[in-house]
Chemist: 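Below is a structure I'd like to ask you about.
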Amino acid sequence: MSTTSTEEEQTAKPRGDTILEVNDLKTYYEDGGILGSNPVKAVDGVSFDIQRGETLGLVGESGCGKSTLGRTLMRLEEATAGEVKLNGTDITTLSGSDLKQFREDVQMVFQDPDSSLNERMTVGEIVREPLDVHDWKTPSERRERVRELLETVGLQEQHYYRYPHQFSGGQRQRIGIARALALEPEFIILDEPVSALDVSVQAKILNLLEDLQNEFGLTYLFIAHDLAVVRHICDRVAVMYLGNMMEIGPADELFDEPANPYTHALLSSIPEPDPTVERDRITLRGTPPSPRDPPSGCPFSTRCPVKIRPAAYREMDPDLWERIEIFREVLRERSRADPSLSDRVRKLLGRETHRAGMDEIIPELFGDFDAPSDVMNHIREAADYAENDDEDAARTYLREEFGSVCDHERPEQLAVGNRGRLSLCHRHEAEYEEPATVFETLVQ
C-alpha cells in the first residue's frame, strides 16, 4: 500500500460515533416591551444527537422552530439555556478564537439561494470569502481551492468571475454548497436547500448532496417541509411541533409506523399521486397555540385527535367531547386576538363588543346536543367569565373541569420499539391505550 493511502486511512474521520449532542436546548425571544411579556419559546427544551456520517431530517409545520434550531446550532442565534456539544465541546460557551475555530467545523446552506448570495460579489469572491476570513493558506491557494470547489459542485472554472444573477436557481444553490464546503467542515446544516427549486433541479441537488457526503464523510442536519424528500435522503427523522421534539427515529420506521399522534397526522397530509388510491387523512382542529403561551402539559394537547380524556368523561359522546374541545379552542383564540379600536371605544361607552358573543357561540356549538345538565352548567360558567372579558379565567375553569393528564403534565420522551425511536406522548405510558389502537378507530 502506498504512503499516501496509509496517511489517508490514518486521518480518515471515524463514522458512527456521536458528532453532535443537544441537551435541553431552549431559544427564547423577548419582545423588549417596557412592561414585559411572555417570551416567544421558539425552541423549548429540545434534546437529540446526530451520529457522524448520517443525515438527520428535521420536519414540522411552518413556525414550529426548525430554522431557529438550525440557526442556534450555528450560533447565529444565542441559546437561552441548554447544551450543544460538537465532538464533546459545548459550543454555546465559546467565544473569540474558539468560536472562530468552531465556524470552520460547522457550516450552513440557506433556504433561499437568491437572498443568501451577495449580488455585488463574483462567484469566486463568494466562495473564497470563508477562506479569506479564516486566513486559509495563501491567496493563490485560495483561488485554486475555489476552482476545485466549483468543479466539485458541478460548475465550471470560467464561472469564477460571473455574478449570481447570471445563474439559475439550481446553480445558485450549488454556489451556496461550494461556499459551505470551503473550510472542509464536519457538519453542515441544510435549511430547506431545495424548497425554492423546480422538481427536476431538486433531484440534481439532492444527488449532489449525497455524493458529497459519501466523498467527504459529511454529517447533515436536513431541514425541510417536503416529507417525500426527507424520506429519500435521511437516515433518521426528527419531528418538531411548537418548539418541541415530538418524535425521532429511523426514517423507514417512522414513515411506515408513526408512533406520535402529531407524526401520524403530519404524514397523513402527504399527497397521494395515484387518484384511485383512497387515503385516510387526519384534519387537525384549529391552529398551533402561540409560542408565547404554549400549553402547560403536552404541546400538542390543544389539537390532538386522540387526547386522553379525564376519567369522569371517558364515556361521553365523542361528538359532544369534540364540541367542548372546539369551545376551548374558541376561547384560546379570543384571548389571543387584540380588540379593535372600535371595540375599545364601545367598551368605554358600556356597549356590547365582539368579545361578548357567547349567546351566539354556545347555541351554535351545543344547540343540537342533548348534553347533560352538569356539562352545560360548566360551559355556561366559563361563558360568563368570557362575557366579562376574562378569557383566561374561562380557559382555566374548563381546563380544571375537562382537562386530563395531557393538559396538566408534560410527557417524557419515551422509547418506542427497539431501534432507538423516541416519542413525546402520554399514550406510550403503561396505564394508557397504545396510539396504534387509538388510530385504528380514528381513521375509520
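Being a predicted model, the structure only gives us computed values, none of them experimental. By convention here, the first residue in the shown sequence is residue 1.
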Chemist: For residues 118-130, which residue pairs pass the salt bridge (Lys or Arg N to Asp or Glu O under 4.0 Å) check, not counting sequence neighbours?
Modeler: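 Matches after skipping sequence neighbours: Arg128-Asp132.
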Chemist: Is Arg419 salt-bridged to Asp252, going by a charged N under 4.0 Å from an acidic O?
Modeler: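 Yes, charged N to carboxylate O under 4.0 Å.
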Chemist: Is any side-chain N of the basic residue among Lys307 and Glu325 closer than 4.0 Å to the acidic one's carboxylate O?
Modeler: yes
Chemist: Between Lys204 and Asp198 (salt bridge meaning N to carboxylate O under 4.0 Å), is one present in this structure?
Modeler: no
Chemist: Would the distance check show the side chain of Arg52 and the main-chain N or O of Asp17 forming a donor-acceptor pair, the cut-off being under 3.5 Å?
Modeler: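 Side chain of Arg52 to backbone of Asp17, a donor-acceptor pair under 3.5 Å: no, none is there.
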Chemist: Once you round to the nearest 0.5 Å, how far does CD of Gln166 lie from CZ of Arg172?
Modeler: 11.0 Å
Chemist: Looking at CZ of Phe110 and OG of Ser67, how far apart are the two atoms once the value is rounded to the nearest 0.5 Å?
Modeler: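 The CZ atom of Phe110 sits 10.0 Å away from the OG atom of Ser67.
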Chemist: How long is the span from the SG atom in Cys425 to the OH atom in Tyr262, to the nearest 0.5 Å?
Modeler: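 Spacing of SG (Cys425) from OH (Tyr262) equals 14.0 Å.
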Chemist: Closer than 4.0 angstrom, basic N to acidic O: yes or no for Lys100 and Asp135?
Modeler: no
Chemist: Tabulate below the donor-acceptor pairs under 3.5 Å that side-chain atoms of residues 41-49 make, not counting sequence neighbours, or state none.
Modeler:
unit_1, atom_1, unit_2, atom_2, d
Asp44, OD1, Tyr28, OH, 2.5
Ser47, OG, Asp24, N, 2.7
Asp49, OD1, Gln51, NE2, 3.4

Chemist: At their closest point, which heavy atom of Ala251 faces which heavy atom of Val237, and how far apart are they?
Modeler: CB-CG2, 3.8 Å
Chemist: Not counting sequence neighbours, list each pair that qualifies as a salt bridge (Lys or Arg N to Asp or Glu O under 4.0 Å) and has a residue in residues 205-234.
Modeler: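 The answer is Arg231-Asp256.
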Chemist: Rounded to the nearest 0.5 Å, how far does CG of Leu209 lie from CG of Leu218?
Modeler: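 Reported value, rounded in 0.5 Å steps: 9.0 Å.
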Chemist: Is the closest side-chain donor-acceptor distance between Glu141 and Thr138 under 3.5 Å?
Modeler: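 Result is yes, a qualifying pair exists.
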Chemist: When you measure from the side chain of Arg145 to the backbone N and O of Ala182, does any donor-acceptor pair fall under 3.5 Å?
Modeler: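 Yes; judged by distance alone, with no hydrogens or angles, the pair exists.
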Chemist: What pairs of residues pass the salt bridge (Lys or Arg N to Asp or Glu O under 4.0 Å) test when at least one of them lies in residues 77-98, not counting sequence neighbours?
Modeler: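 Sorted pair list: Arg71-Glu77, Arg75-Glu78, Glu83-Lys85.
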Chemist: Locate the shortest heavy-atom distance separating Ile50 from Arg236; write the atom from each residue and the value.
Modeler: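 Heavy atoms only, the tightest pair is CA-NH2, 3.8 Å.
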Chemist: Distance-only, no hydrogens or angles: does the Arg103 side chain make a donor-acceptor pair with backbone N or O of Met74 under 3.5 Å?
Modeler: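 Flag set: sc Arg103 to bb Met74 pair under 3.5 Å.
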Chemist: Can you name the nearest heavy-atom pair linking Gly286 to Glu329, along with the distance?
Modeler: CA-OE2, 3.5 Å
Chemist: How far apart are the C-alpha atoms of His426 and Glu409, what are their side-chain angles, what is the distance that settles it, and do they pass the side chain to side chain donor-acceptor pair (under 3.5 Å) test?
Modeler: CA-CA 9 Å; His426 287 296; Glu409 297 180 18; 5.2 Å; no
Chemist: Do we get Arg147 above Tyr160's six-membered ring, with its NZ or CZ under 6.0 Å from the centre and within 45° of the axis?
Modeler: yes
Chemist: Can a donor-acceptor pair be found, under 3.5 Å and without considering hydrogens, that links the side chain of Asp191 to the backbone of Gln111?
Modeler: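 Judged by distance alone, no pair lies under 3.5 Å.
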Chemist: Side chain to side chain contact (heavy atoms under 4.5 Å, CB included) between Lys66 and His225: does it pass, once the steps are laid out?
Modeler: CA-CA 10 Å; Lys66 303 187 300 298; His225 279 97; 3.6 Å; yes
Chemist: Using the side chain to side chain donor-acceptor pair (under 3.5 Å) rule, take Thr263 and Glu247 through it: C-alpha gap first, then chi angles, then the decisive distance, then the call.
Modeler: CA-CA 7 Å; Thr263 307; Glu247 184 172 359; 2.7 Å; yes
Chemist: Do Asp390 side-chain atoms and Ala393 backbone N/O form a donor-acceptor pair below 3.5 Å?
Modeler: yes
Chemist: Nearest heavy-atom pair of Pro299 and Pro295: which atoms, and what distance?
Modeler: O-CG, 3.7 Å
Chemist: Checking side-chain polar atoms at under 3.5 Å, does Arg421 have a donor or acceptor matched by the opposite partner on Asn260?
Modeler: no
Chemist: Applying ring-ring contact (aromatic ring centres under 6.0 Å, His included), name anything that partners Phe167, two or more places apart in sequence or on another chain.
Modeler: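 Per chain and number, Phe167 pairs via ring-ring contact (aromatic ring centres under 6.0 Å, His included) with His159.
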Chemist: Under the side chain to side chain donor-acceptor pair (under 3.5 Å) rule, what do Thr72 and Thr27 come out as? Steps first, then yes or no, please.
Modeler: CA-CA 7 Å; Thr72 303; Thr27 305; 3.0 Å; yes
Chemist: Residues in ring-ring contact (aromatic ring centres under 6.0 Å, His included) with Tyr220, at least two apart?
Modeler: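 Partners of Tyr220 by the ring-ring contact (aromatic ring centres under 6.0 Å, His included) criterion come out as none, since no residue qualifies.
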Chemist: I need the Glu431 CD to Glu429 CD distance, nearest 0.5 Å.
Modeler: 5.0 Å
Chemist: For Thr219 and Glu186, does a side-chain donor sit closer than 3.5 Å to a side-chain acceptor?
Modeler: no
